[in-house]
Every structure is written in C-alpha cells, then in structure tokens.
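Convention: sequence-line order gives letters A, B, ...; per-chain numbering from 1.
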Amino acid sequence: MSHLSKKEAQARVDRIISFRAELDEIERDGVVHLDDEQAKAIGGYHDRLLERLRGDYDVDLGGREKKLSLGMRITSFAGALCLGASLFFLFYRFWGRMGTTAQVLVLVLSPCLFLLMTYAAAKLEKTGYYAKIAAMVCFAAFILDISMMGKIFNTIPRDTAFLVWAVFAFILAYITDARLLLASGILCLAGFLSARTGTFWGIYWLDFGERPEHFFTAVAVLFALSFVPQKSWTGFSETYRVFSLLFLFIPVLVLSQWGAVSYLPFSPNSVEVIYQIAGFVLSATAIALGVKKNMPDMVNTGNVFFTLFLYTKFFDWWWDWMPKYLFFLVLSLVSLLMLSVFKRLRLSLIQRETEVAA
Amino acid sequence: MKSFFSSRNLMLLGFVLVCLSNAVLLLGVRSNRVGEPESLVMLTERELGLESRYGMDRENTGLSFRLEWQSPCGNGYYHDTENDCKDWFDERKLKELGFADLKDLESRRLIQSKDVFIALEYQGNLFRESLKKAEEQWKKEERAFIQSDKGKDARETLDSARRELEHRKNNSTRLFAVDAALFADILRKKYPDRKKVIITRAVVRPFWETEKKHKRVYGSIGSLCVDNIHIPLEHRKLLDRLKESGDPYIKPPRYAVSLAFGKRFEPYIVSVNAL
C-alpha cells in the first residue's frame with residue numbers, strides 16, 4: 001500500500017465500514033451469499049487493514065469515534081488558544097522587572113524551546129493533538145518574540161514581520177499537518193503581500209486595508225500555491241484555494257458597494273457597477289471551474305458569494321420601494337430556484353467523482 | 001517533496017528563521033544607535049509623559065513614555081491633541097510631499113496616507129507664540145471679568161483662562177511640529193540644530209474643509225511611527241518612586257529625559273534624572 005494522507009486513510013476506512021454494512025444487507029435480502037472461505041478471507045483482510053490504518057494514521061473506525069475526535073480537536077484548539085494567551089500575559093507580568101539582556105534571551109529562546117517540543121511531540125505521539133497544541137503555542141511565542149523586541153528597542157513597525165510570521169506558521173503547519181496554522185500563515189502572508197502592494201502605490205503600509213484592491217496580489221500567490229502537489233498534508237490545497245477566493249470575493253463585494261476606495265480612475269458609481277458585474281462573473285466562473293476540475297471547495301465558495309452578490313443587488317434595487325413581505329417572498333422564490341440549480345451542480349459533481357474513481 | 005519537507009528539515013529551518021530574524025532585528029538596533037545620534041534633546045515630563053494603564057494592561061509591568069507634541073491650528077487656539085497643521089501644512093506642502101491629485105478630495109474619493117519625515121521643534125517660535133496667545137487670552141478674560149457682574153460664570157471663565165495659562169507655562173509640551181519632507185536631509189539642512197529639532201517619521205494625510213464659503217486643502221499628521229518609548233530597567237528607579245500629587249493639568253514636571261533619535265530615526269533613552 002503506497003503512502004496515504006490521513007484523509008485518504010480515513011476515506012478507505014469509511015469505505016470498508018460501508019462495504020461491510022452493505023454486504024450484510026444484500027446477504028439478508030438474499031441477493032448474494034459468500035461461502036465461509038470467501039467471507040473469512042475478505043473479513044481477515046479488512047481486519048488487518050483496519051488495524052494497520054489505525055496504527056499508522058490514528059483514523060476513526062466508527063461514528064462515535066468520529067464525534068470524539070471532533071471533540072478532541074475542539075478541546076485541543078481551545079487549549080492551544082488559552083496556552084498562547086497565558087504565554088503573552090506571563091511575559092507581560094514579568095518583563096518590566098527584567099534587564100534588556102534577560103528580556104531578549106527569554107524572547108529568543110521561547111520559540112526555540114516550543115519548536116523542539118513540537119518536533120518531539122510530532123515524533124512521539126501518533127494522534128498529533130499535543131504536537132498541534134505545542135505548535136500553536138510556538139507560533140504565539142514567535143509573534144511575541146518579534147513584536148516585543150520591536151517594543152523594547154522602539155523600532156519603527158515594518159511589514160516584513162508579517163512575512164517571517166507567515167513562513168514560521170507554514171513551517172509549523174507542515175510539521176504538524178495543522179490547517180489552523182496554515183490558515184494563520186496564509187493570513188500573515190496576505191497581510192505582507194497587501195502591505196507591499198500598498199507601499200508600491202505610495203501609501204503607509206499599515207493602512208493597506210484602506211484599499212481592498214491590495215489583496216488581489218495575495219489571490220494570485222495563494223491560488224498558485226494551491227496547485228503545488230501536497231497530498232500528504234490533509235486539506236492544504238483546499239485551504240489555499242478557499243482563502244484565495246475569500247481574498248478575491250470579499251474585496252470585490254466591498255468595492256461593489258463602496259467605489260470611492262478603488263484605484264480605478266472612474267467615478268465611485270462607475271467603479272461600483274464594474275465590481276458588481278465582476279462579482280457575478282467571477283463567482284460563476286469559480287462554480288464552473290470547480291465543477292469541471294472536481295473541486296467542491298471552489299464550487300461552495302463560488303455559490304456563497306454568488307448568492308451574496310445576488311441578494312445585495314436585490315437589496316439595492318427593491319428594498320426601498322417594494323413592500324417588505326413581497327421583498328422576502330421574492331428572495332425565497334429565488335432561493336428555491338437556486339436550490340434546483342445547486343441540485344443539478346451536485347449531481348454533476350457526483351457524476352464526475354464517479355468517473356474519476358472509475 | 002515529502003523528504004525535503006521532513007519534520008527534521010522543517011524544524012531546522014524554523015530554528016534558522018528564529019535566529020536570523022532576531023539577528024537582523026538586533027543588527028538594525030545596533031546600526032540605529034552606533035555613532036552620533038541624529039538628534040539628542042533634553043526633554044521633561046511635559047514632553048514624555050508616563051503611559052497610563054487600563055483594564056487588562058494593568059498587569060503589564062513594562063513602562064513606557066508617550067511622546068507628546070502639538071501643532072498650530074491656525075485659529076488662534078492650540079490644543080494638545082489637535083494634529084491639523086493648517087498654518088504651514090498647506091496645499092503647496094502637500095504637493096511637495098507627492099500628494100498629486102488633490103481634486104479627488106472634493107469628489108470624496110479616499111486619498112491615502114503617506115509615511116514622511118517631520119520636524120519637531122523644542123521651545124521654538126511656535127511654543128512662544130502659543131504661550132503669548134494664552135497670556136493675551138487670560139488678560140482679555142481678566143478685563144472682561146472686571147467689567148462683568150463677577151458672578152459664578154464669569155469667575156469660572158477667568159479661572160479657566162488662568163489654568164490654561166498655567167498649563168501652557170508649566171505643564172504642556174513644548175514640542176511643536178514645524179515642517180515635513182519626503183527626505184530627512186532636506187529637513188536637517190533647514191533645521192541643523194540637533195539639540196532643538198527632532199526629525200522623525202510620521203504618517204500624514206490631506207484633508208479638505210469649507211470655511212466661510214472658501215474651500216481649503218490642508219495636511220494632517222495622524223501619528224508618529226514611534227511615539228511610545230520603552231523605558232529599560234536601568235532608567236526606572238526614579239520613575240518607580242514617583243507619586244501623583246497636585247493638579248495634573250498644571251503641575252510642573254518631575255523628571256528630565258535625555259532622548260536620542262538614531263540613524264534609523266528610532267528613539268532611545270540616554271538618561272533619566274530628577275528635577
């Protein structure tokens with residue numbers, strides 16, 4: 001068996017469990033009956049495979065285990081957040097009583113220590129929960145390191161801090177297979193790219209959020225990164241893709257309502273019209289591309305924003321003059337129409353998945 | 001791909017990143033502080049007030065100064081927090097700083113901020129003018145009080161003018177923003193006294209107003225890039241012993257600080273002494 005990602009291993013386990021349940025059903029219906037030798041061979045093979053997958057990938061073998069795993073993930077996330085906050089406040093409580101050398105040593109050594117703990121936890125503990133907690137605390141320690149060093153030495157804030165935080169978050173994400181850390185890295189990278197784009201256009205970097213178009217640079221980079229082969233890490237490609245679409249659609253949505261903050265050399269009203277059209281075209285393109293390339297994440301993100309753009313437009317056209325009961329009735333009828341469209345899209349996706357599996 | 005991104009390689013990369021980023025930061029600090037400072041000014045509590053703590057920040061044992069500075073409003077009143085520099089930061093100055101298309105202001109299109117160099121003058125003409133205006137205001141209120149019914153309102157107005165004068169004389173900052181430029185050496189050539197004029201970086205933006213049917217474009221200094229200055233442990237002994245007493249609006253300063261701005265225009269404390 002070639003090396004699998006955790007997602008692929010879990011999918012295989014789910015298929016085996018479904019196969020067993022379905023085989024029981026069709027045997028009870030008398031459609032087919034395996035003789036003892038066949039049943040023993042298949043059962044034995046699946047038992048050994050499940051044991052191996054559980055040992056290598058810590059997969060869930062049933063519904064109750066899955067619910068417990070979800071609970072563990074939520075708990076580990078909460079634990080990591082609290083530990084990170086504790087680290088910040090611990091430093092805040094004592095740093096004023098330390099000399100500069102001691103402050104620098106504590107700040108530099110903390111992320112190094114937590115990095116070592118993350119690596120050790122990733123190697124020693126198969127489930128990965130403790131490694132992920134250690135990694136999130138390590139990331140918090142590094143943010144504390146750079147930001148407090150800047151405070152101690154009164155340095156002028158620079159956008160390169162976002163870049164180093166992004167790279168560090170990516171490193172930790174790829175060590176621990178943690179999508180949350182990947183998302184943190186993506187946010188920091190997007191912040192850096194947008195700030196640099198803003199600086200290129202002549203503004204103070206901290207004000208990069210004033211012009212939503214600065215985020216389009218991040219869209220291109222993140223979308224490109226989603227095509228880098230990384231099957232060994234669960235859901236990483238999808239995460240890059242979804243964030244690239246968010247950084248595309250949210251600025252387009254803002255600009256479709258507030259044209260005054262655009263770089264385009266047209267009147268605010270014209271800019272709003274341009275971005276409203278762009279919003280519909282881009283979200284429809286995302287849906288079509290997602291269906292064609294079998295990327296459900298792209299289809300779903302495109303759907304959400306197509307709906308948002310549509311409802312925003314309805315609001316602009318009808319809210320002021322249409323009776324409110326009629327407005328909401330029209331919205332619900334449009335929702336029903338979109339439901340039937342999504343059903344067809346879903347069917348199309350399932351057909352494509354079946355073709356790919358075959 | 002997976003072997004290159006093995007946990008061990010990534011961990012080593014992480015260590016390198018932590019060490020490298022801190023090394024670059026510390027080298028930058030060193031390059032800022034080496035050699036003769038860009039400016040070295042003796043300020044007091046009037047210009048470097050202690051940062052207040054609220055809420056969760058009360059647990060923060062770090063201490064920092066807040067650099068207080070002013071700018072003239074052009075309407076005769078000088079406020080501690082008003083940052084509109086309508087006298088000298090006019091349309092011509094804005095164009096010098098590269099704000100080309102100021103027509104966009106009128107059409108309500110956003111004009112974004114810029115990071116420029118500003119000159120802060122210590123105890124210069126603008127400070128003396130502000131003191132003179134406060135004194136004139138107090139004399140005017142005194143004359144009005146003499147001619148009035150000397151009731152409660154009149155007394156309060158006179159007291160307010162007297163407090164304002166005391167505040168200007170003893171308590172308010174003597175640092176005034178006097179100029180801005182894209183490059184520091186332009187300002188330093190114009191204001192060569194390093195002991196009286198601080199050159200530092202700030203964020204500026206144009207604004208537009210209509211006053212008596214006359215449209216005017218002017219510049220505003222939003223904030224300095226660094227206006228909180230951390231106090232190292234070796235300079236805290238005196239400050240930790242300070243106790244609050246008297247009217248905070250008019251009490252005189254309790255300490256003097258020798259503040260330097262290095263080659264990267266980042267500030268650092270040289271000494272703190274009691275007054």
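The pair B:Lys114-A:Asp207 does not count as a salt bridge, with every side-chain nitrogen at least 4.0 angstrom from each carboxylate oxygen. For the pair B:Glu51 and A:Lys151, the salt-bridge criterion is not met [side-chain N within less than 4.0 Å of a carboxylate O].
Per-residue counts of heavy-atom pairs under 4.5 Å with chain A were compared for B:Pro232, B:Pro267, B:Ser64; the largest is that of B:Pro267. Most heavy-atom pairs under 4.5 Å with chain A, from the set B:Ile231, B:Val203, B:Leu20: that is B:Val203.
Screening B:Leu13, B:Asn9, B:Leu10 against A:Ile175 for a side-chain contact (heavy atoms from CB on, under 4.5 Å) leaves a single residue, B:Leu10.
Contact of B:Asn228 with chain A is made through the backbone alone, with heavy-atom distances under 4.5 Å. Contacts of B:Leu26 with chain A are made by side-chain atoms alone, with heavy-atom separations under 4.5 Å and no backbone atom involved. Neither the backbone nor the side chain of A:Phe170 comes within contact range of chain B; no heavy atom of the residue lies under 4.5 Å from a heavy atom of that chain. For a residue to count as touching a neighbouring chain, one of its non-hydrogen atoms must lie under 4.5 Å from one of that chain's; by this rule A:Ile146 touches chain B with backbone and side chain alike. Both the backbone and the side chain of B:Arg264 come within contact range of chain A, each with at least one heavy atom under 4.5 Å from a heavy atom of that chain.
Atom OG of B:Ser223 is separated from atom OH of A:Tyr204 by 6.5 Å, given to the nearest 0.5 angstrom. Taking CG of A:Leu206 as the reference point, atom CG of B:Asp115 lies at 9.5 Å (rounded to 0.5 Å). Rounding to the nearest 0.5 Å places CG of A:Asp145 at 4.0 Å from CG of B:Asn22. Here the CZ atom belonging to B:Arg205 is positioned 4.0 Å from the CD atom belonging to A:Glu210, to the nearest 0.5 angstrom. Atoms CZ and OG1, on B:Phe265 and A:Thr155 in that order, are 15.5 Å from each other to the nearest 0.5 Å. One finds the CE atom of A:Met149 at 11.5 Å from the NE2 atom of B:His230 (value rounded to the nearest 0.5 Å).
In terms of heavy-atom proximity, A:Trp95 sits nearest to B:Asn60 at NE1-OD1, 2.7 Å. Listed here is the closest heavy atom pair of A:Phe142 and B:Ser21: CZ-OG, 3.5 Å.
Formation of a donor-acceptor pair under 3.5 Å by the B:Glu59 side chain with backbone atoms of A:Arg93 is not found in this model. In this structure a side-chain-to-backbone donor-acceptor pair under 3.5 Å is missing from B:Ser7 to A:Ala122.
Heavy-atom neighbours of chain B within the stretch residues 106-121 of chain A, taken at a separation under 4.5 angstrom, comprise A:Val108, A:Pro111, A:Cys112, A:Leu115, A:Leu116, A:Tyr119.
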